[in-house]
Number of protein chains: 2
Amino acid sequence: MFSNSQFAVAVHMLVFIARGQFDQVTSEEMAESVNTNPVVIRRILCRLARGNLVISQPGALGGTKLSRPADQITLLDVYHVIEGCEAYCLHKSQPSETCVVGRNMLPVLEGIMQEAEAAVKEKLSRYTIEDVLRQVLKL
Amino acid sequence: MFSNSQFAVAVHMLVFIARGQFDQVTSEEMAESVNTNPVVIRRILCRLARGNLVISQPGALGGTKLSRPADQITLLDVYHVIEGCEAYCLHKSQPSETCVVGRNMLPVLEGIMQEAEAAVKEKLSRYTIEDVLRQVLKL
DNA sequence: CCTTTTGTAACCCAACGAGTTACATTTTAG
DNA sequence: CTAAAATGTAACTCGTTGGGTTACAAAAGG
């Protein structure tokens with residue numbers, strides 16, 4: 001969960017796009033706001049597009065826009081697109097099969113971690129890109 | 001949050017110690033159950049000891065025991081000891097100061113992430129090592 | 001046809017996690 | 001007093017990963 005900066009950058013990008021209501025935005029412009037390389041932006045952009053959060057157009061006058069209004073994109077949507085499959089990290093090596101604790105620890109921990117992750121998702125679902133944009137502009 | 005296996009291993013260790021109610025347990029025994037190197041165990045053990053969750057004794061017949069009953073150690077206690085300071089990852093490079101979004105994104109995200117982390121902590125506080133041990137033995 | 005932009009591949013490098021060896025220190029047994 | 005067993009910790013390796021960078025094919029408008 002959030003072990004790299006991709007989620008934060010993705011939210012930043014979406015908010016940046018949302019602010020310029022009408023026009024499309026280029027990866028160059030986003031890179032400048034985030035202060036990183038455009039390729040880093042485009043890598044994340046790809047995933048956002050595949051997750052149907054944005055629509056990108058190549059070519060001159062190309063760029064990216066939101067696929068739907070900013071108040072209909074939640075941070076949970078972003079989380080789903082970015083975090084992929086493994087949200088948390090458990091044992092690296094398979095614990096002992098001959099020890100009761102070793103044998104059963106993983107499934108038990110799995111259950112607890114999923115519960116924790118569900119709590120996070122619930123929180124994230126309560127914020128939209130619009131909400132974040134509003135908070136950003138209010139500061 | 002949980003970007004490495006230390007939290008899982010720490011819980012594993014504590015449950016392992018709790019199961020052997022009376023005796024002390026050696027890092028060697030824990031390493032066998034977790035299936036890793038004893039030094040990996042002792043590194044985590046150190047932090048658990050400094051966090052007053054366990055008491056370790058060097059020397060022959062030495063080992064480790066819980067500092068208090070297993071039903072008085074929550075997973076939140078473990079989280080506090082293991083996760084240290086930075087629980088989540090935001091931007092790697094400081095965003096643009098000249099862009100409204102760039103300038104204000106970090107504090108806004110910080111607030112949201114702290115709320116998410118609080119939700120996780122709340123969930124973790126509801127489980128004790130005793131609870132986990134019971135679940136493990138029931139499987 | 002030229003320019004602009006996305007989409008991706010390929011590479012480098014720094015950071016980090018985990019495993020391992022080694023050893024000083026502590027403590028008990030004999 | 002010495003040997004053995006255990007913790008505590010430093011130091012090293014190695015594989016993985018994240019992020020930055022260059023390069024280039026493909027798309028699209030003027």
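Every chain is numbered from 1 and lettered A, B, ... according to where its sequence line falls, protein lines coming before strand lines.
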Starting at CG of B/L61 and ending at P of C/dT25, how long is that distance when rounded to a whole Å? 22 Å
Using 30° and 60° as the class limits, which term best fits the ring planes of B/F7 and B/Y79: parallel, tilted or perpendicular? perpendicular
Nearest to the side chain of B/C46, which nucleotide is it out of D/dT9, D/dA28, D/dG20? D/dT9
Would you kindly say whether B/Y127 and A/E115 are connected by a side-chain donor-acceptor distance under 3.5 Å? yes
Would you kindly give the CD1-to-C1' distance between B/I41 and D/dG8, to the nearest whole Å? 14 Å
Nearest-nucleotide 5' precedence on DNA chain D, A/A60 against A/S5: A/S5
Rounded off to whole Å, could you give me the CG-to-P distance for the B/N4 and C/dA15 pair? 18 Å
Separation of B/E28 atom CD from D/dA5 atom C1', in whole Å? 11 Å
Along DNA chain C (nearest heavy atom to each residue), the more 5'-positioned of A/S56 and A/C89: A/S56
Nearest whole angstrom, please: distance from the P of C/dG19 to the CG of B/N37. 7 Å
Does any donor atom in the side chain of B/R43 or B/Q6 lie under 3.5 Å from an acceptor atom in the other side chain? no
May I have the distance from B/R42 (atom CZ) to C/dC23 (atom P), rounded to whole angstrom? 15 Å
Is any side-chain N or O of B/R43 under 3.5 Å from a base N or O of C/dG19, one able to act as donor and the other as acceptor? yes
Starting at CD1 of B/I44 and ending at P of C/dG17, how long is that distance when rounded to a whole Å? 11 Å
Just by distance, no angles: are the side chains of A/E110 and A/Y88 close enough, under 3.5 Å, to form a donor-acceptor pair? yes
Any donor-acceptor pair under 3.5 Å linking the side-chain atoms of B/T74 with those of B/T128? no
Between the base of D/dT7 and the side chain of B/R50, is there a donor and acceptor pair under 3.5 angstrom? no
Listed nucleotide nearest any side-chain atom of A/V40, set C/dT5, D/dG8, D/dT21: D/dT21
Whole-Å distance between D/dA27 P and A/I55 CD1? 18 Å
Is there a side-chain contact between A/T26 and the phosphate of C/dT5, meaning an N or O under 4.0 Å from OP1 or OP2? no
Can you tell me which nucleotide in C/dT6, C/dG19, C/dT26 comes closest to the side chain of A/S93? C/dG19
Ignoring backbone atoms, establish whether B/S27 has a side-chain N or O less than 4.0 Å from OP1 or OP2 of D/dT7. yes
Think A/Q57 has a side-chain N or O under 4.0 angstrom from the OP1 or OP2 of C/dT4? no
